[in-house]
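Proteins get letters first, then strands, A, B, ... in listed order; numbering begins at 1 in each. Side-chain atoms are counted along with the backbone in the values below, which use heavy atoms only and exclude waters and symmetry mates.
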Protein chains: 2
Amino acid sequence: MAEKALNILELKNNNRYRILDLLRYEPLSRAEVSLKTGLAKSSVTTLVNEMINEGILLELGPARKNGTAGRTRILLDINGSYGFVLGINLHRKRISVAAVDIKGKELWSFTLPTGDITTIEALELIKKTLPKKLAETKLNIKNLLGLGVSAPGPLDCEKGVILEPPNFKLFNNFPIVEALKKEFGCPVVLENDAVTLALAEHSYVKKQIGSSLFVTVSNGIGGALLKNGDIYGGSHGIAGELGHISIDPFGEECPCGNRGCLEQYATLSALKNRFDIADSVELTSENSQKGKAAFDFLINTMGTALVGAVNLFDLDTVILYGEFDNDTEKITAALEEYIKSHSVICRVHPVKVVPSGLKRGSSAFAAAIPAINYFFNNSV
Amino acid sequence: MAEKALNILELKNNNRYRILDLLRYEPLSRAEVSLKTGLAKSSVTTLVNEMINEGILLELGPARKNGTAGRTRILLDINGSYGFVLGINLHRKRISVAAVDIKGKELWSFTLPTGDITTIEALELIKKTLPKKLAETKLNIKNLLGLGVSAPGPLDCEKGVILEPPNFKLFNNFPIVEALKKEFGCPVVLENDAVTLALAEHSYVKKQIGSSLFVTVSNGIGGALLKNGDIYGGSHGIAGELGHISIDPFGEECPCGNRGCLEQYATLSALKNRFDIADSVELTSENSQKGKAAFDFLINTMGTALVGAVNLFDLDTVILYGEFDNDTEKITAALEEYIKSHSVICRVHPVKVVPSGLKRGSSAFAAAIPAINYFFNNSV
DNA sequence: CATAATTAGTTTTAGCCTTGAACTAATTAT
DNA sequence: ATAATTAGTTCAAGGCTAAAACTAATTATG
């Protein structure tokens with residue numbers, strides 16, 4: 001209700017966006033689009049045929065519905081080759097880049113190790129490398145429909161500025177969005193990396209219905225909150241900071257200012273230090289006592305933070321992405337059990353904890369998603 | 001993006017609702033409405049004049065803008081006497097009811113002590129008492145535009161059912177919305193009590209911009225999350241359960257299943273038991289050592305939970321409502337200080353902690369708000 | 001195998017909504 | 001007193017969607 005009123009000119013666009021948004025998840029016939037949007041069949045015909053002429057949509061050809069009479073449907077699909085976007089993930093020690101077509105297909109990706117580079121140097125690196133790579137892979141910059149940038153920690157997405165991230169000095173307070181917009185002449189959107197991963201999971205792995213929390217575990221612990229596929233961004237687009245939930249107010253001091261933050265306990269490196277284990281495999285090994293202790297510790301600490309999140313957010317799904325590749329199922333099952341027995345809400349609505357369907361190293365791909373979203377509906 | 005597409009018939013209604021929604025907060029002229037909605041002046045004229053004819057809007061008469069040339073504005077306002085709604089707050093030991101006109105003015109309210117009553121008896125009591133009171137106060141049931149019901153704890157707002165609340169057996173799993181709809185023949189909406197209070201604060205005390213958490217402290221501790229005035233309801237409309245955030249995983253068992261829940265520490269009765277203090281006055285008294293200890297304890301426990309909420313939600317305001325009437329400013333100031341020094345986000349965006357502007361005992365009034373919202377925009 | 005039934009998609013006409021421009025109305029600036 | 005400014009209205013024009021009647025393509029049925 002807070003947005004501007006719709007004038008009649010925006011109405012058409014609005015309905016076009018709605019149709020596109022439906023087709024992003026699965027090919028549908030005109031009849032099905034009509035049913036799902038509530039628009040009249042005739043309106044769908046008009047809008048769809050316009051978009052086919054413009055090249056955004058494709059007809060996939062006839063497709064039979066099993067065991068029904070009547071004319072065969074003609075499935076519609078987004079035309080992937082209409083254009084593409086670039087995703088750039090900024091990381092403490094590397095920058096990774098991916099090209100993704102508007103259907104969500106990754107065209108290529110690569111990683112640049114950066115080491116101790118300055119902001120200006122990093123920007124120059126991006127400016128030089130991207131056009132070269134585009135030329136090599138025969139992608140025309142004219143078809144570049146947008147650019148998504150993701151980074152850890154607090155950002156100001158509206159202003160397009162990365163804000164003093166802990167353990168991350170690159171691009172500190174630098175107006176990266178403005179700089180890239182100027183260079184590449186396309187829309188540029190900045191988003192938290194956990195947010196982009198959550199959106200990627202929702203759009204291209206499994207549509208998230210209801211309220212879900214996407215948790216990333218690597219150097220730090222990040223999180224992003226989704227409600228029916230929309231990000232809940234909080235006041236400054238930095239909601240979901242699970243890593244700095246205090247699970248022990250008398251615990252060690254954390255660089256963030258708080259004490260006993262989850263991030264100090266439940267990352268792989270923290271567990272390695274505390275329990276002297278070798279790797280994530282040892283966590284779920286039957287033979288290692290140290291591994292078992294570390295596993296229990298992980299479940300208790302992470303579980304405590306998640307119970308808080310479940311109670312506050314009324315979650316029904318928690319998605320885990322990151323370091324604990326090995327036997328993720330065992331970890332998610334244990335966390336689910338922990339939450340079930342420690343949350344009020346769960347007595348009524350059980351929470352599912354599942355591993356992310358995204359493969360590791362999807363950050364650059366994920367960074368591209370907000371740019372695709374922006375293309376499809378002018379909003380991240 | 002998830003809703004249905006707009007057909008042209010809904011467009012008009014949509015714009016009417018937008019205009020009404022603007023006028024709920026302050027009287028505006030047609031020109032200002034045009035500016036704020038983006039609708040053409042001529043469209044505003046048409047829509048507004050229609051609504052004046054229908055009796056929903058009123059012209060307040062000419063009003064000068066200070067120091068500008070031109071014709072005087074004619075301020076528009078919601079017509080309070082167009083109709084009213086009833087709010088019913090269900091509490092462990094009482095039911096309170098309020099009549100509120102659609103401008104948000106409380107017409108009357110009263111409280112029924114219920115004691116150990118059964119669900120059926122309580123329902124009968126409501127069915128009998130309300131029409132009697134309406135007749136007494138000369139309110140015509142024809143002008144009853146809606147009915148809002150609020151209750152503590154987990155609910156299923158969509159289905160209109162109160163779900164096994166802890167410490168609250170009344171209406172347990174009872175389809176209250178259906179029953180009342182049948183009896184009174186108007187829309188009935190069910191909402192969590194903290195949610196209704198948050199909406200009341202937003203609509204009739206101070207418009208909440210950004211992300212805010214409304215915290216209620218009484219027998220238990222509840223919470224509701226607002227983003228630009230819209231409730232973030234979570235998966236089942238029960239987000240914000242601050243009271244069962246664990247602040248000590250090794251603490252006492254809570255009836256909810258978790259351990260060391262905030263609710264076990266930071267309510268007035270918990271503090272009374274733990275520190276042997278007399279009342280909330282003692283908390284902020286200069287002379288009481290016990291009071292000081294209790295105060296510090298309150299700030300630390302509540303602060304810990306709030307830091308978690310701030311980090312997860314990226315809050316910029318926390319609003320406190322409830323038991324700590326005495327010297328609330330001192331408590332909010334201390335909490336603000338605690339959060340400032342314990343949250344990552346706050347280093348970038350300071351969080352404000354403020355006492356609610358609602359007077360105590362606003363539950364029934366607040367319960368009516370979702371019904372008003374429903375009247376204005378068909379959504380809670 | 002022909003006809004009916006069913007489902008998909010298109011064409012065309014009509015109606016509704018918003019708009020923009022030109023207007024009236026009411027006030028201040030000079 | 002006249003110009004400038006802001007508020008609000010009227011009305012013709014244009015754009016979007018809807019509904020109905022249509023064509024198209026397939027399965028069910030005897």
Side-chain angles (χ1 to χ4, degrees), chain A residues 3-20 22-23 26-54 57-77, chain B residues 3-20 22-23 26-54 57-77:
Chain A
E3 307 107 65
K4 280 213 164 184
L6 279 177
N7 61 35
I8 203 150
L9 298 163
E10 287 157 357
L11 180 60
K12 183 177 177 177
N13 262 322
N14 203 300
N15 286 336
R16 282 175 54 134
Y17 284 136
R18 281 221 160 74
I19 293 174
L20 285 173
L22 274 176
L23 293 171
E26 50 179 341
L28 295 170
S29 67
R30 288 170 179 80
E32 290 162 327
V33 168
S34 164
L35 215 70
K36 291 202 176 196
T37 56
L39 289 165
K41 285 198 304 176
S42 52
S43 310
V44 173
T45 291
T46 312
L47 297 173
V48 161
N49 290 353
E50 260 180 47
M51 290 191 280
I52 289 174
N53 284 333
E54 291 166 20
L57 288 184
L58 277 179
E59 287 189 338
L60 290 184
R64 188 109 282 285
K65 238 182 191 166
N66 46 354
T68 51
R71 178 175 173 175
T72 27
R73 305 175 297 167
I74 304 168
L75 289 183
L76 302 163
D77 201 3
Chain B
E3 306 109 64
K4 281 212 161 184
L6 280 176
N7 61 38
I8 203 152
L9 298 164
E10 288 157 357
L11 180 60
K12 183 178 176 177
N13 263 321
N14 205 298
N15 287 337
R16 283 174 53 133
Y17 284 137
R18 281 217 161 77
I19 293 174
L20 285 174
L22 273 176
L23 293 171
E26 49 178 342
L28 295 170
S29 67
R30 290 170 178 79
E32 290 162 326
V33 168
S34 165
L35 215 72
K36 290 203 177 195
T37 56
L39 289 164
K41 285 197 304 174
S42 51
S43 311
V44 174
T45 291
T46 313
L47 297 173
V48 161
N49 290 353
E50 261 179 48
M51 290 191 280
I52 289 175
N53 284 333
E54 291 166 19
L57 288 184
L58 278 180
E59 287 188 339
L60 289 185
R64 187 108 285 285
K65 238 182 191 169
N66 45 353
T68 51
R71 177 175 173 175
T72 29
R73 306 175 297 167
I74 303 167
L75 287 182
L76 302 163
D77 200 3

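- Residues B/R64 and B/T68 share a closest heavy-atom pair of NH1-O, 2.8 Å.
- Atom CD in A/E59 sits roughly 7 Å away from atom P in C/dT10 (whole-Å rounding).
- Looking at the side chain of B/A40, the nearest of the listed nucleotides D/dT17, C/dG9, C/dT19 is C/dT19.
- You'll find the side chain of A/L75 reaches within 4.5 Å of the side chain of A/R73, heavy atoms only.
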What are the atom names and distances for every N/O pair under 3.5 Å that joins the protein to nucleotides 26-30 of chain D?
{"unit_1": "D/dT26", "atom_1": "OP1", "unit_2": "A/T72", "atom_2": "OG1", "d": "3.3"}
{"unit_1": "D/dT26", "atom_1": "O2", "unit_2": "A/G70", "atom_2": "N", "d": "3.2"}

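- For A/R30 and C/dT7, the shortest distance from a side-chain N or O to OP1 or OP2 is not below 4.0 Å.
- Taking the salt bridge (charged side-chain N to carboxylate O under 4.0 Å, His left out) definition, one finds that A/E59 meets it with A/R30, sequence neighbours left out.
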Identify every side-chain donor-acceptor pair in residues 38-48 of chain A under 3.5 Å, counting partners at least two apart or on other chains, and give the distances.
{"unit_1": "A/T45", "atom_1": "OG1", "unit_2": "A/K41", "atom_2": "O", "d": "3.2"}
{"unit_1": "A/T46", "atom_1": "OG1", "unit_2": "A/S42", "atom_2": "O", "d": "2.9"}

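- For B/N13 and C/dC17, the CG to C1' distance is 12 Å, given to the nearest whole Å.
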Please test B/L57 against B/L20 for side chain to side chain contact (heavy atoms under 4.5 Å, CB included), starting from the C-alpha separation and ending with a verdict.
-> CA-CA 8 Å; B/L57 288 184; B/L20 285 174; 3.8 Å; yes

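- Qualifying salt bridge (charged side-chain N to carboxylate O under 4.0 Å, His left out) partners for A/R16, counting only residues two or more places apart in sequence or in other chains: A/E50, A/E54.
- Between the CG atom in A/L60 and the OG atom in A/S29 there is a gap of 11.0 Å [rounded to 0.5 Å].
- Taking all atoms of both residues into account, the shortest heavy-atom contact from B/I52 to B/L76 is CD1-CD2, 4.1 Å.
- In this entry the distance linking CG of A/N49 with C1' of C/dT11 reads 12 Å, nearest Å.
- Whole-Å rounding puts the B/R16 CZ to C/dC16 P distance at 15 Å.
- Scanning both residues, A/N14 and A/R18, for their nearest heavy atoms gives OD1-NH1, 2.6 Å.
- Rounded to whole angstrom, the span from the CZ atom of A/R73 across to the P atom of C/dT6 amounts to 19 Å.
- Rounded to an integer number of Å, the gap from CG of B/N14 to P of C/dC16 is 19 Å.
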Secondary structure string for DNA chain C (Watson-Crick or G-U under 3.5 angstrom, | for other-strand pairs) = ||||||||||||||||||||||||||||||

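- Of the residues in residues 41-48 of chain A, those placing a heavy atom less than 4.0 Å from an atom of DNA chain C are A/K41, A/S42, A/T45, in numerical order.
- Exactly one of B/T37, B/L22, B/I19 qualifies for a side chain to side chain contact (heavy atoms under 4.5 Å, CB included) with B/L28. That residue is B/L22.
- One finds no side-chain N or O of A/N15 lying less than 4.0 angstrom from the OP1 or OP2 phosphate oxygen of D/dC16.
- Between A/L39 atom CG and C/dC16 atom C1' the separation is 16 Å, expressed in whole Å.
- Look at CD1 on B/I74: it is 11 Å from C1' on D/dT9, rounded to the nearest Å.
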